[in-house]
Each structure stands twice: as C-alpha cells, then as structure tokens.
Amino acid sequence: GKGNHRHFMLKEIYEQPAVIGDTLQTYLDPATRAVTLPALPFDWAKVSRVTITACGTACFAGMVAKYWFEKLARLSVEVEVASELRYREPPLPEGGVCIAVSQSGETIDTLAALRYAKAQKQIIVSVVNVPESAIARESHVVLPTLAGPEIGVASTKAFTTQLTVLLTAAIAAGRARGTLTAADEARLAHALIELPAHVNETVNMEDQYRHIAEDILSEARDVLYIGRGSSFPVALEGALKLKEVSYIHAEGYAGGEMKHGPIALIDELVPVVVVAPTDSVFDKIASNFEQVKARGGKLILMTDAKGAARLGDQAIATIVLPAVDPVIAPILYTVPAQLLAYHTAVAKGTDVDQPRNLAKSVTVE
Ligand code: M6R
C-alpha cells in the first residue's frame with residue numbers, strides 16, 4: 001500500500017534513502033570501503049568499449065553513467081536509446097560490453113537492443129530491478145537494483161538505484177583499469193556511504209518544493225531545465241518527470257546549448273530550473289544562469305550553500321542541497337526534480353500515479 005503517503009510516487013520518492021542504502025549494502029563493503037561487484041565474466045582492463053542502451057528514464061541513468069565511466073575508468077562509452085540502436089544496427093567492437101538498464105526488465109526495445117548486441121558478441125550486463133525478467137534472463141551478468149517494487153508510472157527510486165549501481169560499476173572499472181587511485185576510491189566510497197543521509201535531508205525539505213510547484217511551476221505553460229556535465233542528464237530527467245505527471249511542456253538542455261536556440265523561448269513567463277552543484281563546470285552554468293536572467297527568465301536554482309552564495313539572490317527560488325562530492329551530485333540533485341514534478345502534478349490535480357497515455361512498462365512497440 002501507499003502507507004501514509006497520498007500517492008505511490010511520493011512514497012517511492014521517500015523510500016530512496018532506504019533503497020539506496022540497501023543497494024549500497026550489496027555493492028559496497030562498509031568495513032573496507034571497497035566496491036564489491038558480483039564476479040564478472042570479463043576483465044574491465046580489456047574492455048574496448050561500453051555501449052549503454054535503455055529507454056526513457058533508464059536511458060538518462062545511462063547518460064550519467066557515461067560521464068562516470070569516462071572520468072573514473074577512462075573507458076569510451078556510447079549511450080543510445082534502445083529503439084534507435086536496435087534498428088540502426090551499428091557495428092559493435094570485439095571485446096565490447098553492452099549495459100542494458102531497465103526497471104521492469106521487460107521493455108521490448110531494450111530487450112531487442114540487448115539481443116542485437118549479443119549477436120554482435122558483446123558481453124551483456126543488465127542493471128534491472130526485476131531479477132526474474134526477460135532482460136535479466138538473457139544477460140551474462142545481472143546487477144540488480146534493490147529498489148523494491150515500483151508502482152508509480154513515473155520512475156523515481158528505480159532511477160536513483162540504477163545510478164547507484166552504475167557508479168559502483170564505474171568505480172570497479174576504474175580500479176581494474178588502474179585509472180582510479182585507492183585514495184579516490186575511498187573518497188567516493190565514503191561519499192556513497194553518506195548519500196542516504198543526504199537524500200533523506202533533501203526529501204524532507206518538502207515545503208520548499210510545494211511552494212515552488214504551487215506558486216511558479218503549476219502556472220507555467222513551458223519549463224526549461226538546464227545543466228552541464230553529469231547535471232545535463234539530470235536536467236533531461238527533471239523535464240521528463242514534469243511532463244509525465246503534470247502535462248506541462250518541459251525540455252532539458254545542456255547549458256551550453258542555450259545560445260544555439262532555446263534562449264529564444266525565454267521571457268518572464270518561462271521558469272528555468274538550473275541544476276548547478278558546485279563542480280568543475282559551475283562557472284559555465286553560472287554564465288548560462290546570467291544569460292537567462294538578463295532576458296527576464298524566472299530562475300529556480302538547485303545548488304549547494306556555496307552556489308547559493310554566488311547566485312541565490314538573482315533566483316526567484318533557490319533549493320539549497322547538502323554539499324556533496326560532485327561525482328555523487330547527479331543522484332542527489334534528481335530528488336528535488338522529482339519532488340517539484342510531484343507537487344506540480346498535485347497542484348494541477350492530475351492522476352499522479354497513473355498519468356494519461358502512459359504504461360508502467362512498454363512491452364509492445
Ligand atoms: O522498465 P524500464 O526501465 O525499461 O522502462 C523504461 C521507460 O519506459 C521508463 O523509464 C519511462 O520513461 C518512465 N515512465 C519514466 O518515468
């Protein structure tokens with residue numbers, strides 16, 4: 001049941017500290033602070049390329065993972081939506097690994113892309129929430145997300161646990177490839193161990209999200225989300241969540257793309273949600289923020305205390321999140337995006353758990 005929550009989506013958002021913690025129990029040894037993946041039938045050091053394929057939110061998890069595998073393991077990674085990969089039939093290199101990401105494990109396009117990759121002799125690793133699913137059964141290795149059943153059509157806890165698993169896999173790959181020092185691994189493991197507490201703190205800032213949703217987002221016709229680096233896929237996910245549950249038109253963009261078109265949309269009616277943890281591209285996203293400000297856009301800033309000190313007085317609303325290692329930020333910054341979408345949907349009176357036209361799992365094309 002929904003417990004004391006009004007909707008499954010809200011219950012599942014609130015479950016995130018616990019299910020991220022459960023997932024970490026499986027992939028991280030708290031005593032040694034070392035990542036512990038199940039035995040893999042391949043050596044990361046010999047992997048020529050990683051192809052990640054998935055649909056919807058699961059594909060955004062794959063996009064975040066691309067930044068992680070590239071940075072931590074110096075691996076070359078392609079991410080492609082499964083419906084394109086399966087019909088495009090690209091050549092996949094010998095010694096490649098294909099990672100299929102799926103909550104249900106039954107998404108038809110993801111399954112077909114997996115079968116194509118398998119026929120191309122890729123090793124198939126799946127990150128799934130349902131271990132008995134078709135995608136799990138057809139994989140060489142299964143890395144389960146321990147999110148528990150996800151009932152709300154809008155994916156929430158499945159996404160953050162997918163990110164958790166993919167980050168531990170990227171850390172393991174970095175270790176095996178000698179691209180990640182023991183000190184860096186220990187730092188990231190420590191950051192992951194602290195993550196459930198930070199997520200807990202973030203979900204509990206409930207009133208803030210409700211106010212922004214009621215006073216700003218639910219009144220808008222269009223909303224933009226922008227981010228850079230690994231915050232770019234978080235912007236895409238934030239926009240997808242808002243459109244799915246509130247039916248408000250929303251788009252996510254890489255901050256650097258604003259001047260190449262989307263900034264033409266900005267006027268005083270368009271809220272822009274800026275995903276801006278203090279990281280190596282903060283100054284760049286700050287300049288996108290200022291460009292939007294100069295055109296009268298309504299800025300909703302998600303950042304930490306340092307970022308808020310720098311830009312907060314120019315935003316109409318600032319969500320101040322706990323300061324975390326920038327590598328972990330995409331997991332944490334997803335949570336306020338989920339809650340903004342949720343409260344906007346509630347304010348608009350839509351069917352949050354069962355939005356029109358959507359199915360929980362897309363098993364027919
Ligand atoms: O079960 P899957 O993870 O394979 O599903 C993939 C997408 O259908 C799913 O993430 C969809 O985009 C959700 N409605 C997102 O909230």
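Read the numbers this way: they start at 1 and go in the same order the structure lists the ligands and their atoms.
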S.K.: Check each of Gly56, Ala359, Gly152, Cys55 against atom 6 (C) of ligand 1 and report the one with the nearest heavy atom.
M.R.: Cys55
S.K.: If you round to the nearest 0.5 Å, how far is CG of Leu40 from CD1 of Ile123?
M.R.: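 That separation rounds to 9.0 Å.
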S.K.: Would you mind listing which atoms of ligand 1 come within a distance below 4.0 Å of any non-hydrogen atom of Ala154?
M.R.: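 Answer, ordered by atom number: 16 (O).
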S.K.: Under 4.0 Å from a heavy atom of Ala58: give me the atoms of ligand 1 that qualify, with their elements.
M.R.: 3 (O), 10 (O)
S.K.: Tell me: protein heavy atom nearest atom 5 (O) of ligand 1, and distance?
M.R.: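 Here the nearest protein heavy atom works out to Thr107 OG1, 3.5 Å.
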S.K.: Which residue supplies the protein heavy atom nearest to atom 8 (O) of ligand 1, what is that atom called, and how far is it?
M.R.: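 Its nearest protein heavy-atom neighbour is Val362 CG2, 4.3 Å.
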S.K.: Regarding Asp325 and Arg187, does a basic nitrogen lie under 4.0 Å from an acidic carboxylate oxygen?
M.R.: yes
S.K.: Could you tell me the separation between the OG atom of Ser230 and the CD1 atom of Ile331, rounded to the nearest 0.5 Å?
M.R.: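 So the gap between those two atoms works out to 10.0 Å.
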S.K.: Would Lys360 count as a contact residue for ligand 1, given that I'm defining contact as a non-hydrogen atom of the residue lying under 4.0 Å from a ligand atom?
M.R.: no
S.K.: State plainly whether one hydrophobic cluster holds both Leu339 and Ile151, where clusters connect Ile, Leu, Val, Met, Phe, Trp and Tyr through side-chain heavy atoms under 4.5 angstrom apart.
M.R.: no
S.K.: Give me the nearest non-hydrogen protein atom to atom 1 (O) of ligand 1 as residue plus atom name, then the distance to 0.1 Å.
M.R.: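 So the nearest neighbour among protein heavy atoms is Ser104 OG, 2.6 Å.
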S.K.: Show the nearest heavy-atom pair for residues Arg74 and Arg177, with the distance to one decimal.
M.R.: O-NH2, 3.3 Å
S.K.: Taking only heavy atoms of Lys241 into account, list the atoms of ligand 1 that are under 4.0 Å away from them.
M.R.: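 Every atom of ligand 1 under 4.0 Å from some heavy atom of Lys241: 15 (C), 16 (O).
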S.K.: How far is atom 16 (O) of ligand 1 from its nearest protein heavy atom, and which residue and atom is that?
M.R.: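 Closest protein heavy atom to atom 16 (O) of ligand 1: Glu244 OE1, 2.6 Å.
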S.K.: Kindly compute the distance separating CZ (Arg221) from CD1 (Ile248), expressed to the nearest 0.5 Å.
M.R.: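 Spacing of CZ (Arg221) from CD1 (Ile248) equals 11.5 Å.
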S.K.: Any chance you could measure Leu340, atom CG, to His211, atom NE2, to the nearest 0.5 Å?
M.R.: 13.0 Å
S.K.: Would you check if Val128 and Gln103 make a side-chain contact, meaning some heavy-atom pair closer than 4.5 Å?
M.R.: no
S.K.: Counting non-hydrogen protein atoms only, what is the nearest one to atom 15 (C) of ligand 1? Give residue, atom name and distance.
M.R.: Thr57 OG1, 3.0 Å
S.K.: Quick check: Ser361 and ligand 1, any N/O pair under 3.5 Å apart?
M.R.: no
S.K.: How many angstroms lie between atom NE2 of His7 and atom CD1 of Ile13, to the nearest 0.5 angstrom?
M.R.: 11.0 Å
S.K.: Enumerate the atoms of ligand 1 whose separation from the nearest heavy atom of Ser155 is less than 4.0 angstrom.
M.R.: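 Once the distances to Ser155 are compared, the set is 15 (C), 16 (O).
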S.K.: Would you say Thr110 and ligand 1 have an N/O pair spaced under 3.5 Å apart?
M.R.: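 No, no N or O pair falls under 3.5 Å.
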S.K.: Could you check atom 3 (O) of ligand 1 against the protein and tell me its nearest heavy-atom contact, residue, atom and distance included?
M.R.: Gln103 N, 2.6 Å
S.K.: Find all atoms of ligand 1 within a distance of less than 4.0 Å from any non-hydrogen atom belonging to Val153, and give their numbers and elements.
M.R.: 13 (C), 14 (N), 16 (O)
S.K.: Once rounded to the nearest 0.5 Å, what's the spacing between atom OG1 of Thr23 and atom NZ of Lys157?
M.R.: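 Thr23 atom OG1 to Lys157 atom NZ measures 10.0 Å (nearest 0.5 Å).
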